[in-house]
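Remarks on the structure that follows.
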Amino acid sequence: MVFSSTIFLLIFLPLFLITYFFAKEKYKNIVILIFSCLFYSWGAPKFIFVILGSTFIDFHLVKWMDRSKTDLHRKIMLVISVGINLGLLIYFKYSNFFIDNLNTALGSFGYNEITWAKLILPIGISFYTFETITYVVDVYRKIHKPLTNFWDYQTYIILFPKLIAGPIIRYHDLAGQITDRSANETTDNKLIGMYRFILGLSKKVLIANYMASIADEIFAMGFAEMDSFTAWVGILAYTFQIYFDFSGYSDMAIGIGQMIGFKFPENFNNPYASKSITEFWRRWHITLGSWMRNYLYIPLGGNRVDSKFRLYFNLWLVFLASGLWHGASWNFIFWGAFHGFFLVLERLFLLEFYKKIPKLFRIAITFLIVMIGWVFFRIEEFSDAIQFLKTMFSFDLTSLYHIDLKTYVIFALAFFFGFFTISKYGERIQDSIYLGKYSNKKHFLFFGICSLLFLISVGSIIRSDFNPFIYFRF
Amino acid sequence: MCLPMFQYVFNLVHTEPLAGVNQEFNERPTANLTNWFSANFQDSTNAYFDEKIGFKPWLIKLVNQVDYSLLNHTTAPGVVIGKEDYLYIESYILDYIGQNYIGEEKVKDRVQKLKEISKFLTTNGTSLIVVFAPGKASFLPEYIPEKYDPQNPKTSNYDTYSKLFKESNIPFLDFNDYFKKQKKNFPYPVYSKVGTHWSSYAKSVVLDSIIHFIENERDIDMPEFQFSNVSLSDSLEKTDWDIEEQMNLLWPLDHLKMPYPNYNFFSHGKTKPEAIVIGDSYWWCMVADQLPQQIFNKDEYWFYFKDRHINNAKQSVNVAQTNLKESLLKQNVILLMATEATLHMFPYGFSERFHKDIILADKYDKMPFEEKVNHWKEQIKKDPKWYNSIKEKAIKKGISTDEMLDLDAKYVAKQKQ
């Protein structure tokens, strides 16, 4: 089940909220659990057993680990738990990739290929695996005591608002809220959470989906025959598609969480307003960045390694892993390496160089680097990606792609909201909407705006499934 | 958020359905273990609620209206928003600018086949008349959006067809050309802003011309047709706002007042020929007003040479199942009607089927027996399965393959006498 679907928005979510708000305090987590199981099994009816089974095993492994008297025993339990979780992730997500590459290698040496039935990826496995690892590692590091109630742990893992597309929530950030969120369950939070949810839905449906239609149309064309203008339109469309889609989804998750008393961490902070790649990764998919820092970069030594070479190598490795996390394909790995490369360059000299140029230029350069990175993210074949870049920079401006009024308007909105916080004024408005206090007047205003946005967004979703056969005797 | 669900359950408010036929869902899917774990239940339920959710028509109309009013955009299939809110169906524009041109050779081939058919029918006493209805894109190119570059159209299917038909002996009525030439002289609108078909006034002019043409062609005196008392009305008939209808908007668009004449027919002592009309949707406008049965012996319309409609009722036997020889050769007139939008498909498979079922069959009937046997020998040789069975039978009978072939061909020829 996806958030931007009729059944979720108009059946599942209303039923969930009604049940949750009317349930007694002691039953609220059970409501979350039941609805979350229904949510997950709706989209993956068989894989529900994978997530339930693995959380059951993890819970007990972590309990044993915490009770262990020796460091060695604790370490063994840690390794087993992380191994099981990563093992499942690697098996489901990367086996196909590994076998395909092995077969390519075998084929080139004249050997027979290995036959392998391609695996289907359980939805959300990349997200909940990482969350499970935060739980076991945080307990190992004695940052937090383990949960005593298995159902509380299950609720943490399977909590549906963040289950399939994040944010990746460190157990430590949510621990207290699992058992007691009464302080957050205010009318204000319920309303503001709803506004956040609707704003996220609008970002996804009204901007991202439209940008996707343009990007899909252009990326389906032959790159060699395409003119430069069309290529730029395509990559700009994809750049905005991926941002508004992902950040919109995060907003929806955070908004639902807020409605039911959870305070989830922010996942996006206007990344396209970044003045460097370093800053970009503090604003883009923030929770993934945090996870990589806390559970990969720091264990590798972090900033405290002996040599600069080792530091840059670790940085680059982390970004390779980030790329691989996004997908089991060489283009994602290359994308990660591309970002890692610029991160290292910035550490070497680029950040110093940026200090000498105006802010807008820094933002433009960073945006250009990010856009070029998205070319590799979007196009699977490396040679095709290079051809696309060649087309982009051929500066052949014989435009073949027609831009109508709606496309201009949506691009204008995407630019506006994508770079809104370049100015301090924009930042203040954003903070006021997402973090500020709401007077009655402000509530009325946002309720009105969000109601209209909700109607239009839902209408757009319903309309996208309406494909009439026009039996108008044409 | 809850209102659509309540509307689905309690049906609190009546909502007008949307224009356009969508998938039908009569029963809500029921879950069992098998269809749950295969995800079929979930997929069916998603599709069911996508269709049945409350206030769906209203929500879609809202979004469509926002798109149209603020962004000059529509998702209605094939609809183009032109200048000054003139609406088109894209296929008309594509033919007008030559984008779906099928090429001169193909058009020549099709016209040649129709010439052969026309000659055959003439010897049978049937008139084949080709009629080109006017097209909105050709008649009103000034409102076509600039992105189609309407000022620089390339060679179109209409250009080539009309040239070749004029040069042929096939009786041909080109209303596309006539209407363009007479554009400034028409006292009433020929097209509405928001419809794709001709106005009632325009079709009256066409019908009158068709009657006179047939009278001249067949030297008969057909029912007299008069249209008068043309009233201009804001309440448009369906064919005058069919494009707007499929846009599913909240509020009606600005319309031109459209002309609606009164029709009078005087049939006493007049001849109503037997006729079949084969064509695209423009003839529907005649059928909807029950005009064909006023001038022909019956109203029989073969829509795109696929569906058969008699007196505006679709028949259970379609054209593919119809004996063409029986149906067509007893007609006095066969009208082949097309507009620019459908010329790339014209004449909709009619020539090929006519050639195979009637002309070739007639040639076969007239063949001497020996020629028929040779014909079947060729057919058998072309069919590997059939030919192999001949070889097997020859071996069993202890005769040569050629002798067996001769025996079988004679048998089939006799059966088909």
Side-chain angles (χ1 to χ4, degrees), chain A residues 1-2 5-18 38 41-49 120 194 197-198 201 205-206 210 213 401-410 450-474, chain B residues 1-6 8 18-23 36-39 41-42 45-51 53-56 58-64 66-67 70-73 75-78 81 89 91 145 147 196-197 238-239 242-243 245-246 248 280-281 284-285 287-288 303 341-342:
Chain A
M1 204 186 289
V2 294
S5 64
T6 312
I7 198 159
F8 177 83
L9 290 169
L10 303 177
I11 308 282
F12 181 89
L13 188 61
L15 282 175
F16 167 69
L17 291 173
I18 290 169
L38 178 61
S41 60
W42 190 268
K46 290 178 183 163
F47 286 127
I48 186 69
F49 301 109
I120 299 168
M194 185 184 69
F197 174 78
I198 292 171
L201 179 69
V205 173
L206 302 180
Y210 190 75
S213 68
Y401 192 78
H402 173 78
I403 298 186
D404 60 12
L405 175 63
K406 180 166 182 173
T407 306
Y408 273 121
V409 168
I410 302 296
C450 289
S451 298
L452 187 60
L453 283 174
F454 183 74
L455 287 174
I456 295 173
S457 299
V458 168
S460 295
I461 290 166
I462 291 176
R463 185 179 68 176
S464 67
D465 292 318
F466 177 61
N467 290 307
F469 169 60
I470 304 294
Y471 188 63
F472 277 112
R473 299 174 167 179
F474 285 137
Chain B
M1 200 183 270
C2 299
L3 287 177
M5 187 172 52
F6 291 152
Y8 164 73
L18 292 162
V21 174
N22 209 6
Q23 205 173 348
W36 176 267
F37 283 109
S38 64
F41 169 75
Q42 293 89 318
T45 307
N46 287 343
Y48 176 84
F49 279 114
D50 283 342
E51 185 57 30
I53 195 69
F55 297 120
K56 170 177 172 167
W58 190 85
L59 286 165
I60 288 180
K61 286 179 183 182
L62 172 68
V63 174
N64 287 342
V66 167
D67 251 356
L70 298 181
L71 302 172
N72 203 42
H73 180 85
T75 55
I81 303 172
I89 295 295
S91 50
K147 75 173 186 179
T196 200
H197 295 100
K238 195 158 176 153
T239 51
D242 47 15
I243 304 181
E245 190 185 12
Q246 70 164 303
N248 286 303
D280 61 21
S281 60
W284 276 125
C285 303
V287 172
F303 181 54
T342 65

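Everything quoted here is computed from the prediction, not taken from an experiment. Protein chains get the first letters and strands the later ones, always in sequence-line order, with residue 1 at the start of each.
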Notebook entry, point to check: Is it the backbone or the side chain of B:L70 that comes under 4.5 Å from a heavy atom of chain A, or both, or neither?
Noted result: backbone
Note to self: Please classify the contact between B:D67 and chain A as side chain, backbone, both or neither, with a heavy-atom cut-off of under 4.5 Å.
What the structure shows: side chain
State, yes or no, whether a side-chain contact exists between [X] and [Y] at a heavy-atom distance under 4.5 Å.
X	Y	result
B:N46	A:T6	no
A:S41	B:W36	yes
B:I53	A:I11	yes
B:T45	A:W42	yes

Do you know the tightest heavy-atom contact between [X] and [Y]?
X	Y	value
B:D50	A:I462	O-CG2, 4.4 Å
B:P4	A:L10	CG-CD2, 3.8 Å
B:F37	A:P45	CE2-O, 3.3 Å

Check: How long is the gap from CD on B:Q42 to CD1 on A:I7, to the nearest 0.5 Å?
Finding: 9.0 Å
Is chain B contacted by the side chain of [X], its backbone, both, or neither, given a heavy-atom distance below 4.5 Å?
X	value
A:S460	both
A:F12	neither
A:I18	side chain

Next item on the list: Count the heavy-atom pairs under 4.5 Å between each of B:T239, B:L3, B:V66, B:L59 and chain A, then report the option with the highest count.
Entry: B:L59
Next item on the list: Name the option with the most non-hydrogen atom pairs under 4.5 Å to chain B; the candidates are A:P14, A:A44, A:S457.
Entry: A:P14
